[in-house]
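What follows is a single structure, written as structure tokens, with notes after it.
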Amino acid sequence: NAGVTQTPKFRILKIGQSMTLQCTQDMNHNYMYWYRQDPGMGLKLIYYSVGAGITDKGEVPNGYNVSRSTTEDFPLRLELAAPSQTSVYFCASARGTTTDNSPLHFGNGTRLTVT
Amino acid sequence: QQPVQSPQAVILREGEDAVINCSSSKALYSVHWYRQKHGEAPVFLMILLKGGEQKGHEKISASFNEKKQQSSLYLTASQLSYSGTYFCGSVGAGGTSYGKLTFGQGTILTVHP
């Protein structure tokens, strides 16, 4: 059972560079999420998707973009990386919505440093 | 708005009990609890629904008081494996918060032999 897989695990970017964080899940979940985790701040929602072709902004979307062309994949794109984007990024998926009481399944995270 | 967890950190010896609280300023539909070990992904523990029900996972249980907009996580006879950061996630019950899952800042639990 692979679950939610994120790549890469670690990445160092220079200011102004771009990159894509990959996320794929093999549970046929419709709902997928991107969170960032900063020390002592909990998890903040960046973007989410309720199905292929449908995405929406979360709490902290600035500086990021997403796409959802398939049910399995939900990549997160960072354009013009800034030091404020140094964080640990988690992708998660769920079978249903929060009001369906579906738990989130998290990937192992990508630790990104922008210098 | 982010729920507030207390305490921020707690240190226990094996076998001791602990309570972690989660308070929200908004009406809640449900509360999620997750545990994250250092360097790993958060792992789902349980969901609490309106009605004050309690749920359990191993020797970990939780309660939800929707009138007070609070949830508490009870760790009984703690084991070394309980160490980690515990997050509550509140799901809003109405208005613009309906269905939105917002995480607290986390409570760091350390269990010593």
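Note that the structure is predicted; figures quoted are calculated from it, not measured. Lettering of chains follows the sequences in order, A, B, ..., and the numbering in each one begins at 1.
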_Per-residue contact mode, Gln6(A) against chain B (heavy atom under 4.5 angstrom)_ = neither
*Is the backbone N or O of Met41(A) less than 3.5 Å from a side-chain atom of Gln2(B), with the two atoms forming a donor-acceptor pair by type?*
yes
*How about Arg77(A): does its CZ atom have over 12 heavy atoms from other parts shown lying under 6.0 Å from it?*
yes
_Tell me whether Tyr34(B) shares a hydrophobic cluster with Val4(B), the cluster being built from Ile, Leu, Val, Met, Phe, Trp, Tyr side chains joined at under 4.5 Å._
no
*asked:* Within the supplied structure, the quantity of interest is the number of heavy atoms (other residues, nucleotides, ligands) at a distance under 6.0 Å from Lys44(A) NZ; does it exceed 12?
replied: yes
*Which atom pair, heavy atoms only, marks the closest approach of Phe90(A) to Pro42(B)?*
CE2-CD, 3.8 Å
Hey, can you pull the donor-acceptor pairs under 3.5 Å for the side chains in residues 104-112 of chain B, sequence neighbours left out?
unit_1	atom_1	unit_2	atom_2	d
Gln105(B)	OE1	Gln5(B)	N	3.2
Gln105(B)	NE2	Gln5(B)	O	3.0
Thr107(B)	OG1	Gln5(B)	NE2	3.2
Thr107(B)	OG1	Pro7(B)	O	2.7

*Would you find more than 12 non-hydrogen atoms of other residues, nucleotides or ligands less than 6.0 Å from Gln79(B) atom CD?*
yes
_Leu45(A), part contacting chain B, at a heavy-atom distance under 4.5 Å_ = neither
_Below 4.5 Å, heavy-atom pairs only: which of Thr97(A), Asp100(A), Leu43(A) has the largest tally toward chain B?_
Leu43(A)
_Count I, L, V, M, F, W, Y as connected when their side-chain heavy atoms are under 4.5 Å apart, and connections chain through other members. Are Leu49(B) and Tyr98(B) then in the same cluster?_
yes
_Other residues, nucleotides and ligands only: do more than 12 of their heavy atoms fall within 6.0 Å of CG on Leu80(B)?_
yes
*Are more than 12 heavy atoms from other residues, nucleotides or ligands located less than 6.0 Å from atom NZ of Lys57(A)?*
no
_Show, in sequence, the C-alpha distance, side-chain angles and deciding distance for Leu101(B) and Tyr35(A), and conclude whether the side chain to side chain contact (heavy atoms under 4.5 Å, CB included) test is met._
CA-CA 11 Å; Leu101(B) 173 62; Tyr35(A) 288 91; 4.0 Å; yes
*Given a strict heavy-atom distance threshold of 4.5 Å, which part of Thr99(A) is in contact with chain B: side chain, backbone, both, or neither?*
both
*Heavy atoms only: give me the nearest Phe103(B)-Leu104(A) pair and the separation to one decimal.*
CZ-CD1, 4.1 Å
*asked:* Please say yes or no: joined through hydrophobic side-chain contacts below 4.5 Å, possibly via intermediate residues, are Met19(A) and Tyr64(A) part of one cluster?
replied: yes
*Spell out the residues in residues 86-93 of chain B that have some non-hydrogen atom less than 4.5 Å away from a non-hydrogen atom of chain A, in order of number; otherwise answer 'none'.*
Phe87(B), Val91(B)
*Verify same cluster id: Leu21(A), Tyr48(A) (apolar side-chain graph, 4.5 Å)*: no
*Please list, in residue-number order, every residue in residues 20-32 of chain B that has a heavy atom less than 4.5 Å from any heavy atom of chain A; write 'none' if there are none.*
Tyr29(B), Ser30(B), His32(B)
*Which ILVMFWY residues are connected to Met27(A), directly or by a chain of links, through side-chain heavy atoms under 4.5 Å apart?*
Val4(A)
_Can you tell me which portion of Gln8(B) sits under 4.5 Å from chain A's heavy atoms? Options are side chain, backbone, both or neither._
neither
*If you count heavy-atom pairs under 4.5 Å between each of Gly99(B), Ala41(B), Gly39(B) and chain A, which one has the most?*
Ala41(B)
*Mind ranking Val88(A), Asn108(A), Asn101(A) by heavy-atom pairs under 4.5 Å with chain B and telling me who comes out on top?*
Asn101(A)
